[in-house]
Chemist: 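One structure, pasted below without further comment.
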Amino acid sequence: MTVHNASTSRLRAAALLGCTMLSGVPALAQTAPARTPVATPAVVATAPQAQRVIKSLRVEGSQRIEAETALSYTKLRQGQPYTNELLDQAIKDLFASDLFADVSIAGAETGDIVIRVRENPIINRVILEGNKRLKDDKIVKEIKLKPRQIFTRAAVRQDVGRIVELYRRQGRFAASVEPKMVNLDQNRVDVVFEISEGPKSKVRQINILGNEVFDDGKLRAQMATKEARFYRFLSSGTSYDQDRLAYDQQKLRQFYLTEGYADFRVTSAVAELTPDKKDFIITYVVEEGPRYKFGDVTVDSDIRDFDGKKLATTLPIKKGDWYNAKAVEDTVDNLSQTTGLFGYAFTQVAPEFQRDRDTLTMSINFHIGQAQRTYVERVEITGNTNTQDKVIRREIRLAEGDAFNTFQVKRSQDRINSLGYFQDKFEIKQTPGTTPDRVVLEANVEEKSTGELQLSAGYSSLERFIIQANITQRNFRGRGQELRAGVNYSTYSKSIELGFTEPYLFDRNIAVGVDVFRRDFNSFNFIGTNRNTTYSQTSTGFQVRAGVPLTEFWQLAGRYSLSYDDVGLDEASFFTNGQCDPLKAGRYLCDALGKRLTSAVGYSLIYDSLNSRLRPTAGQRLSFSQDFAGLGGDVKYIRTRLEGAKYKNIGSGFIGSIVAEGGYIHSLQGSPGDGRDPIRINDRFYLGEPQFRGFDIRGVGPRVQRLSYTTDPSGAQVLVTDRDQIIDDALGGKAYYLARVELEIPLGSGARELGLRPSIYAQMGSLFNITRPRPTATFPTTTDANGNTIVLPLPQTDPTTGAPLYYFVNAAGGAVQTTCATGLPDASGACNGIIPNVPLIASQPFLERFLGDSARPRVSVGIGVNWNSPFGPLRIDLAKALVTQPGDDPKLITFNVGTQF
């Protein structure tokens, strides 16, 4: 017995409610027999006597309940005759009212009837203890006991059962509830439900009996329920669910029907709870039956527009193929779609089966019932509280009065889903109109939030620490307009952008938009593990966009952009005497410095049949783009790009995709000089992480590597070939191509709820075609005693004569610069003396090599996971570069958090 303190000034008492504890076992514990009220000893069966009359009638012991109220539940009335049976029935009636905990009757011998009662207490509070997996609000709304209600044991037992059932729905069959009562003053009580939640009941084992054709593993793979294993910690299918048990039986039947076993059935399915109440063992007993083939496959149509024989020749199922129920369903859908293309909205296609058990064949006739050609009576749009009707209606490809067409209905669904304003799996329903030849299209949408406010911080292997602040409204004012503003800050890039898009200008199918931006970008290379900025680029400008549809799937987009670019270097690190020093920065970087204005006009021709722009699973997209720079400004070129993508739902949740792109940039200006490419370094294409997984950022394509010399233990001069000690500058290219084949792998519902989407992929691509840069310097050489060539440091030279410079220390201890290799210069400038002077060094020797300018493909394979984490989108890739070219920079693992690229 547990005692709960109610007040420090009152007597504490606790009463254990007998026979009310229930636990989560498959069969509920039996409740105790109902209490049978017994009358006082005054009510005794006697020999027949004269009729007795109630002389007086009163109620004793009631506190809150009026005596008249208590008497109203009985048939006893003063002045009326009574019997022992009538008194017994009065006691039963008072107990049935649930107002009293105890009832007795006295005075049966004299007729002065006294009904003594003890009222049921009033509930002061209902307290839940021990519940962690289910919050109080979820339990309270299910139970019936409430404060200020009358307490009864029956109500407590019922609420215990309700709580246990709630936990069973969560798969916690070991949960138990112990109700307790705390007595308070004024006949009040606190009701306490002490809950032991227990572990979630898992499926320990799935047994299948009677299967001979397919093994247990093959059949278990078809089920939604999975055996609990450590590697399935993210799966929700390992917990027991009675509804899922019935679903799995249907899955087994569907699997066998697709394999030709038309007589298959599950004869029994039993789930047994283990003695520790933690796990279930599920056993299926099946009968496979014989395997069938398709017999004659025919089509007959009551609609004169369709020839049954011609339709039969187009069906995917043929006589002699193994019977497949899924193929039959698909054929019915295809025939319905075909009739819908010709305007028959409510055609009934019924497969008629003829089973021959002797030859084990299944002949099928697809009967197309009589139907009328239908027309759209009206289009009804409901559920849009924020989005204006016209935003939805303009995406629907059918209007009132048009002939019904299933293809146009499906296309309308895809276009509305691609807006991203509504919940997924939106469908346009077709209902009969006012006449048989009319159909009503119902677009019942469920709006979701289209405004996004993102304040995030993250870490990227590309940009180190990242801070992001973006606000986007994709359905501004419910008109389908997009308004966005964003600020991004990281170690190597900073940007601020503002943009606005109007998809339907003046309610015409013309999209216009404008973007204003300021972007600061720092290019970099690595020396060891240190990341060093090479050149910086600042771009400020705007872009104006417009687009018009040409057909349902083709559209034409145009744009004009104006940007002011400033490419510079750190003067403290790369400048000498106020000029860019090629020996420090490289001639290719010094050539890229300057301020330029780019004025460009461009267009894109786009084919798009994707079923969703946000996360496509079917369809394809093709884009051809060209930009012409030279409409004023300082830069002239033509940039051409071709992109294509195809997505397909392979089945069972697998999504396959093929994505390819390529580009070329052609200069419209003459060569700026020997070894200098007319396309600026910041206008070229670059390839690597994140587009080309398996390679570091800008890790593919033309580059200049600078290797220094050192001396080995034997004293010989050698090159330092350690990758971490090589200065590696990516130069970009004028041409590139990249292709990716990817398969998205489905996960269980638990992982999907977490936003996990893994995939495997293979990629191939290359970046190439720039002018080979001139060497930064030519170092003098000599030959040692062994005949080995020694590369000497590059001496400083007199800027006027080009003669090498030396220095000597004068009498005052100061260094004096001279062109004399030995001795001192006299008044005429001639060198006198034999003491050698110290040469001034412009640069220690190094070797520059130009690598990577090859169109040969690089290949990588890998696996990646997308996760919509609480901290922002995250992408992790494990990719291995299988084919590389000299100079490429592979990278095995990459991850990005807090931003998307």
Side-chain angles (χ1 to χ4, degrees), residues 1 11 13-21 29-124 126 143-161 179-191:
M1 178 176 293
L11 178 64
L16 176 63
L17 301 180
C19 304
T20 57
M21 179 177 177
Q30 294 181 351
T31 57
R35 175 178 176 180
T36 303
V38 180
T40 62
V43 183
V44 180
T46 60
Q49 57 184 335
Q51 189 178 48
R52 295 179 292 176
V53 177
I54 298 176
K55 299 176 183 178
S56 63
L57 182 63
R58 71 178 189 274
V59 178
E60 294 181 353
S62 60
Q63 297 176 353
R64 302 181 309 274
I65 302 171
E66 298 290 339
E68 291 78 6
T69 302
L71 291 175
S72 68
Y73 287 96
T74 71
K75 298 179 180 179
L76 300 178
R77 299 292 183 269
Q78 187 173 346
Q80 293 185 358
Y82 68 94
T83 62
N84 291 344
E85 290 77 10
L86 188 63
L87 295 179
D88 286 342
Q89 185 60 45
I91 293 175
K92 294 178 180 179
D93 291 340
L94 289 172
F95 271 115
S97 70
D98 285 336
L99 298 175
F100 306 103
D102 193 20
V103 181
S104 63
I105 296 179
E109 300 90 346
T110 63
D112 296 319
I113 303 299
V114 179
I115 302 176
R116 297 189 176 96
V117 299
R118 181 164 57 88
E119 295 177 348
N120 273 326
I122 295 296
I123 297 173
N124 179 54
V126 178
I143 61 179
K144 302 303 181 184
L145 290 179
K146 306 292 181 187
R148 295 186 296 278
Q149 289 184 352
I150 295 175
F151 170 88
T152 66
R153 282 178 166 79
V156 171
R157 284 194 294 269
Q158 292 173 1
D159 280 350
V160 168
K180 296 185 178 180
M181 181 179 71
V182 182
N183 290 319
L184 307 174
D185 57 0
Q186 299 180 0
N187 199 22
R188 296 176 301 131
V189 295
D190 284 343
V191 180

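All residue numbers in this chain count up from 1 along the given sequence. None of the values given here were measured: they were computed from a predicted structure.
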Chemist: Locate the shortest heavy-atom distance separating I123 from F151; write the atom from each residue and the value.
Modeler: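 Heavy atoms only, the tightest pair is CG1-CB, 3.8 Å.
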Chemist: Taking only residues two or more places apart in sequence, or in another chain, which ones meet N124 in a side chain to side chain donor-acceptor pair (under 3.5 Å)?
Modeler: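 Partners of N124 under the side chain to side chain donor-acceptor pair (under 3.5 Å) test: R188, D190.
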Chemist: Please identify each residue that fulfils side-chain contact (heavy atoms from CB on, under 4.5 Å) with K75, with sequence neighbours left out.
Modeler: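 side-chain contact (heavy atoms from CB on, under 4.5 Å) check on K75 returns L86.
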Chemist: Minimum heavy-atom separation for V160 and P179, please, with both atom names.
Modeler: CG2-CG, 3.8 Å
Chemist: Got a sec, which residues hit side-chain contact (heavy atoms from CB on, under 4.5 Å) with S97, two or more places apart in sequence or on another chain?
Modeler: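 With sequence neighbours excluded, S97 shows a side-chain contact (heavy atoms from CB on, under 4.5 Å) to Y73, L99, F100, given in chain and number order.
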Chemist: Do D88 and I105 make a side-chain contact, defined as non-hydrogen atoms from C-beta onward lying under 4.5 Å apart?
Modeler: no
Chemist: Identify, with sequence neighbours excluded, every residue that meets side chain to side chain donor-acceptor pair (under 3.5 Å) alongside S56.
Modeler: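 Only D112 meet the side chain to side chain donor-acceptor pair (under 3.5 Å) criterion with S56.
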Chemist: With sequence neighbours left out, what residues match D93 under side chain to side chain donor-acceptor pair (under 3.5 Å)?
Modeler: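 Partners of D93 under the side chain to side chain donor-acceptor pair (under 3.5 Å) test: Q89.
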Chemist: Looking at Q149 and I122, would you say the former's side chain and the latter's main chain have a donor-acceptor pair under 3.5 Å?
Modeler: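 No, because the side chain of Q149 does not come within donor-acceptor range (under 3.5 Å) of the backbone of I122.
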Chemist: In chain order, what residues pass the salt bridge (charged side-chain N to carboxylate O under 4.0 Å, His left out) check against R58, with sequence neighbours excluded?
Modeler: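 Salt bridge (charged side-chain N to carboxylate O under 4.0 Å, His left out) check on R58 returns E60.
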Chemist: Does the side chain of R52 come under 3.5 Å of the side chain of N84 through a donor N or O and an acceptor N or O?
Modeler: yes
Chemist: State, with a plain yes or no, whether a side-chain heavy atom of L94 is found less than 4.5 Å away from one of I115.
Modeler: yes
